[in-house]
Amino acid sequence: MQAQPTKLVVRVISCDAKVIGTLVGGCRVTVKNLETGEVLARGVQLGGSGDTQAIMKDPHPRYGSVYGTGSSACFETELELAEPTLVEVLAEGPLAYPEALQTASKTTWLIPGLHLDGEGLRLTLHGFMVDILEPDRATVFHSGNPVHLETCVKLL
């Protein structure tokens with residue numbers, strides 16, 4: 001069988017939130033052939049966080065486009081496949097918040113010439129990003145004194 005180009009789009013989203021995009025460093029995506037262990041593709045998902053109205057407010061229609069709109073972040077690759085291939089797709093992110101780094105993976109079959117694009121393969125990351133707003137990192141604390149702590153906690 002002759003190899004055929006096969007498109008794969010991966011979208012990494014935050015649980016019950018939007019697409020993980022450039023603003024938080026994006027996500028590292030790796031596509032690996034499970035039979036051979038060969039890495040077929042690797043890169044970073046970059047782009048916008050998606051359409052707030054479509055993702056967070058409107059009902060999600062079956063087979064409708066929710067995440068694959070406009071400049072929504074994704075990782076795209078084109079693989080040359082000669083036979084059906086069992087792959088693992090792994091996502092790690094958000095890359096700009098290493099202390100909040102989460103991973104998710106899915107195993108799926110890719111069929112030569114059968115593109116997995118549009119909404120793509122979706123992976124969901126769970127967790128929070130925490131920014132300490134006050135005090136700054138250079139502040140020296142003394143035992144027994146109260147400390148005012150101010151944070152900003154966001155979904156990934």
Side-chain angles (χ1 to χ4, degrees), residues 1-133 137 151-156:
M1 186 176 213
Q2 187 176 10
Q4 295 182 41
T6 307
K7 293 180 189 175
L8 172 63
V9 172
V10 177
R11 294 192 194 278
V12 186
I13 59 176
S14 176
C15 179
D16 201 29
K18 295 173 70 179
V19 180
I20 299 175
T22 303
L23 188 62
V24 294
C27 293
R28 184 174 9 292
V29 177
T30 304
V31 181
K32 183 170 66 170
N33 180 322
L34 277 180
E35 184 179 344
T36 66
E38 175 189 9
V39 173
L40 302 175
R42 178 179 284 143
V44 177
Q45 166 176 289
L46 295 172
S49 60
D51 180 339
T52 301
Q53 183 70 34
I55 296 170
M56 303 299 292
K57 297 177 181 175
D58 293 343
H60 293 192
R62 186 174 177 121
Y63 306 117
S65 186
V66 176
Y67 299 100
T69 59
S71 61
S72 181
C74 68
F75 169 74
E76 295 183 56
T77 188
E78 187 171 281
L79 306 171
E80 293 292 327
L81 300 177
E83 60 188 20
T85 305
L86 184 62
V87 297
E88 176 187 48
V89 181
L90 173 74
E92 304 169 283
L95 298 177
Y97 289 81
E99 69 283 353
L101 197 70
Q102 298 291 317
T103 61
S105 66
K106 277 190 180 177
T107 302
T108 191
W109 285 95
L110 294 179
I111 309 300
L114 184 60
H115 305 303
L116 184 49
D117 53 2
E119 283 290 282
L121 178 79
R122 292 181 294 201
L123 295 170
T124 303
L125 296 183
H126 300 265
F128 298 94
M129 297 176 292
V130 178
D131 284 324
I132 297 176
L133 304 175
R137 293 176 186 234
T151 64
C152 177
V153 179
K154 302 176 273 192
L155 288 170
L156 289 181

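Residue numbers start at 1 and run along the sequence shown.
For Leu155 against Cys15, the heavy-atom pair with the smallest separation is CD1-O, 4.0 Å. Shortest non-hydrogen contact noted between Val87 and Asn33 is CG1-CA, 4.4 Å. Closest approach of Arg28 to Leu95, counting heavy atoms only: NH1-CD2, 3.5 Å. Across every non-hydrogen atom of Val66 and Ala54, the tightest pair is CG1-O, 3.7 Å. Of all heavy-atom pairs between Gly68 and Arg11, the closest is CA-NH2, 3.3 Å. Residues Pro84 and Ile111 approach most closely at CB-CD1, 3.8 Å, considering heavy atoms.
How far CD of Glu88 is from CG of Leu40: 11.5 Å, rounded to the nearest 0.5 Å. How far OG1 of Thr30 is from CD of Glu92: 6.0 Å, rounded to the nearest 0.5 Å. Atom CG of residue Leu101 and atom SG of residue Cys27 lie 8.5 Å apart, to the nearest 0.5 angstrom. For the atom pair Cys74 SG and Glu119 CD, the distance stands at 10.5 Å (nearest 0.5 Å). Summarising the geometry, atom OG1 belonging to Thr151 is positioned 6.5 Å from atom CG belonging to Leu133; distances are rounded to the nearest 0.5 Å. Distance check: His115 NE2 to Gln4 CD gives 8.5 Å after rounding to the nearest 0.5 Å.
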Decide yes or no on side-chain contact (heavy atoms from CB on, under 4.5 Å) for Leu156 and Val24, but give the supporting numbers first. CA-CA 8 Å; Leu156 289 181; Val24 294; over 6 Å; no

Dump the intermediate steps for side-chain contact (heavy atoms from CB on, under 4.5 Å) on Ser49 and Leu23, then the final yes or no. CA-CA 8 Å; Ser49 60; Leu23 188 62; over 6 Å; no

Could you give me the CA-CA distance, side-chain angles and deciding distance for Leu123 and Lys106, then say whether side-chain contact (heavy atoms from CB on, under 4.5 Å) is met? CA-CA 7 Å; Leu123 295 170; Lys106 277 190 180 177; 3.3 Å; yes

Under the side-chain contact (heavy atoms from CB on, under 4.5 Å) criterion, do Glu99 and Val130 qualify, and how do the steps go? CA-CA 9 Å; Glu99 69 283 353; Val130 178; over 6 Å; no

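Not a single donor-acceptor pair under 3.5 Å links the side chain of Thr124 to the backbone N or O of Arg122. At least one donor-acceptor pair under 3.5 Å links the side chain of Thr22 to the backbone N or O of Gly47.
In this structure, Leu34 places its CG atom where more than 12 heavy-atom neighbours from other residues, nucleotides or ligands lie under 6.0 Å away. Crowding of Gln53 atom CD: a count of heavy atoms from other residues, nucleotides or ligands under 6.0 Å exceeding 12.
Thr77 meets the side chain to side chain contact (heavy atoms under 4.5 Å, CB included) test with Leu8, Ala41, Phe75, Leu79; sequence neighbours excluded.
Taking 4.5 Å as the limit, some side-chain heavy atom of Tyr67 sits within range of a side-chain heavy atom of His60.
In summary, the side chains of Thr52 and Lys18 do present a donor paired with an acceptor at a separation below 3.5 Å, with no hydrogens or angles considered.
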